Amino acid sequence: MRLFKIFFWVLWRIWFYFLMGLPIIIMLPFLLVSILKEKWYPYFFVLARIWAKIILFGMGFYYKVEREQELEEGKSYMLVSNHTSMTDIMLMLALVRNPFVFVGKKELAKIPLFGFFYKRTCILVDRSSSKSRMEVFNRAQKRLEQGLSICIFPEGGVPDDESVLLDEFKDGAFRLALEHQIPIVPMTFADNKKRFSYTFLSGSPGLMRAKIHHFIETKGKDVGDKKEIKELREVVREIIYQQLLKFGHKKSA
């Protein structure tokens, strides 16, 4: 039985990367045209959502989302959620219709084919470089001025410790939201780690639950007040943490 599971996991993981690449190859001419100009990004975003849904359904994942509030068309937001799986990217794309840009780690740009478009459409950050982190703010500002939203996983990566339910949040997303006076959209992903974690021999097809919480407004808050940033950060983290507990997760050890 164990050997059968290992065989399934290996094939299933290979299938995942096949699904990542095949739609890109099929849509390649349209993808290449859509990245020629920054103002054409919304067209790229539509193709990215199709790509994400092909992967989710192709892997046997189906999602169920509870929305406490709807995003308004043409409005910019700061999207934040917990981060435990590569499928967080696909689920975020599947759930949000408003065009947004990911802020993500530069290491993903090394993935063949996917990385080519990733580094040309996302805002890459080298977390070990303070200069890189500053460039993120400049690029994010430009994207927000174009009417796009921004998505950041504020944990800064997947927690190294398996016992950690939700890692501490970094300030970046909340500082950006304050500077641009845009609403913060907290989102909780319940099952992505169980469905497809970074542990190779693990995971299974099944349900992915998500909740989009009430938005947190930043208008009128003091942009330069570090206490405001800290308060926003902790409020959002607590919302997501409590929802993870409601989804049935155990508290961090």
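What you see is a predicted model; the values in this text were computed from it and never measured.
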### Task
Just do the side-chain contact (heavy atoms from CB on, under 4.5 Å) check on I184 and V235 with the steps written out, would you?
CA-CA 11 Å; I184 298 169; V235 166; over 6 Å; no
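- Note that the CD1 atom of I123 and the CD1 atom of I152 stand 7.5 Å from one another [nearest 0.5 Å].
- Linking ILVMFWY residues whenever their side-chain heavy atoms come closer than 4.5 Å, directly or via other members, leaves F30 and Y43 in distinct clusters.
- More than 12 heavy atoms of other shown residues, nucleotides or ligands fall within 6.0 angstrom of atom CD in E68.
- Atom CZ of R97 has 12 or fewer neighbouring heavy atoms from other residues, nucleotides or ligands inside a 6.0 Å radius.
- Hydrophobic cluster membership differs between L11 and L3, with clusters built from Ile, Leu, Val, Met, Phe, Trp and Tyr side chains linked at under 4.5 angstrom.
- Counting heavy atoms from C-beta on, the side chains of N82 and Y241 never come closer than 4.5 Å.
- Salt bridge present: E179 and R175 bring a charged side-chain N and a carboxylate O closer than 4.0 Å.
- Rounding to the nearest 0.5 Å gives a distance of 8.0 Å between CD of E155 and OG of S81.
- For F4 and F7, the gap between ring centers reaches or exceeds 6.0 Å.
- Q181 contributes a side-chain N or O that, together with a main-chain N or O of G220, makes up a donor-acceptor pair within less than 3.5 Å.
- By the neighbour-count criterion of 12 heavy atoms within 6.0 Å, atom OH of Y198 is densely surrounded, having more than that number from other residues, nucleotides or ligands.
- Between H180 and S76, the closest side-chain pair of non-hydrogen atoms is not below 4.5 Å.
- Partner of F100 under the side chain to side chain contact (heavy atoms under 4.5 Å, CB included) criterion, out of L79, L148, V185: L79 alone.
- No path of Ile, Leu, Val, Met, Phe, Trp and Tyr side chains, each step under 4.5 Å between heavy atoms, connects W40 with M27, placing them in separate hydrophobic clusters.
- By the 4.5 Å heavy-atom criterion applied to side chains, F137 and Q141 are not counted as neighbours.
- Looking at heavy atoms from C-beta onward, M187 lies in side-chain contact with V96 at the 4.5 angstrom threshold.
- Annotation: K75, atom NZ; neighbour count of heavy atoms from other residues, nucleotides and ligands within 6.0 Å is above 12.
- Taking the centre of each ring, F61 and W12 come in below the 6.0 Å mark.
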### side-chain contact (heavy atoms from CB on, under 4.5 Å) assessment of W51 paired with L93
CA-CA 9 Å; W51 169 83; L93 284 166; 4.0 Å; yes
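- In this structure, NZ on K250 lies 15.0 Å from CG on L244, to the nearest 0.5 angstrom.
- Both I14 and I55 are members of a single hydrophobic cluster when ILVMFWY side chains are connected at heavy-atom separations under 4.5 Å.
- For the pair M86 and M20, the minimum side-chain heavy-atom distance is below 4.5 Å.
- For R49 (side chain) and F45 (main-chain N/O), no donor-acceptor pair under 3.5 Å exists by modelled atom type.
- In this structure, R237 contributes its side chain and L166 its backbone to a donor-acceptor pair below 3.5 Å.
- Counting heavy atoms from C-beta on, the side chains of V101 and T121 never come closer than 4.5 Å.
- Counting heavy atoms from C-beta outward, T87 and F189 have side chains that stay 4.5 Å or more apart.
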### Task
Go through the steps for M78 and V236 under the test side-chain contact (heavy atoms from CB on, under 4.5 Å), then give the verdict.
CA-CA 12 Å; M78 176 60 67; V236 172; over 6 Å; no
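- Ring geometry for F44 against Y41 counts as tilted: the plane angle lies between 30° and 60°, on a 0 to 90° scale.
- In this structure, the side chain of H213 does not engage the main chain of I240 through any donor-acceptor pair within 3.5 Å.
- A cation-pi geometry, defined here as NZ or CZ lying under 6.0 Å from the six-membered ring centre and within 45° of its normal, holds between R120 and F116.
- Counting only heavy atoms from C-beta outward, the side chains of P186 and I216 approach each other to under 4.5 Å.
- Among F102, F153, F169, the one residue that satisfies the ring pair (Phe, Tyr, Trp, His ring centres under 6.0 Å) test with H83 is F153.
- When hydrophobic clusters are built by joining Ile, Leu, Val, Met, Phe, Trp and Tyr residues whose side-chain heavy atoms come closer than 4.5 Å, directly or via intermediates, L31 is not grouped with V33.
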### Task
Please lay out, stage by stage, how L165 and L245 fare under the test side-chain contact (heavy atoms from CB on, under 4.5 Å).
CA-CA 9 Å; L165 178 58; L245 297 180; 3.8 Å; yes
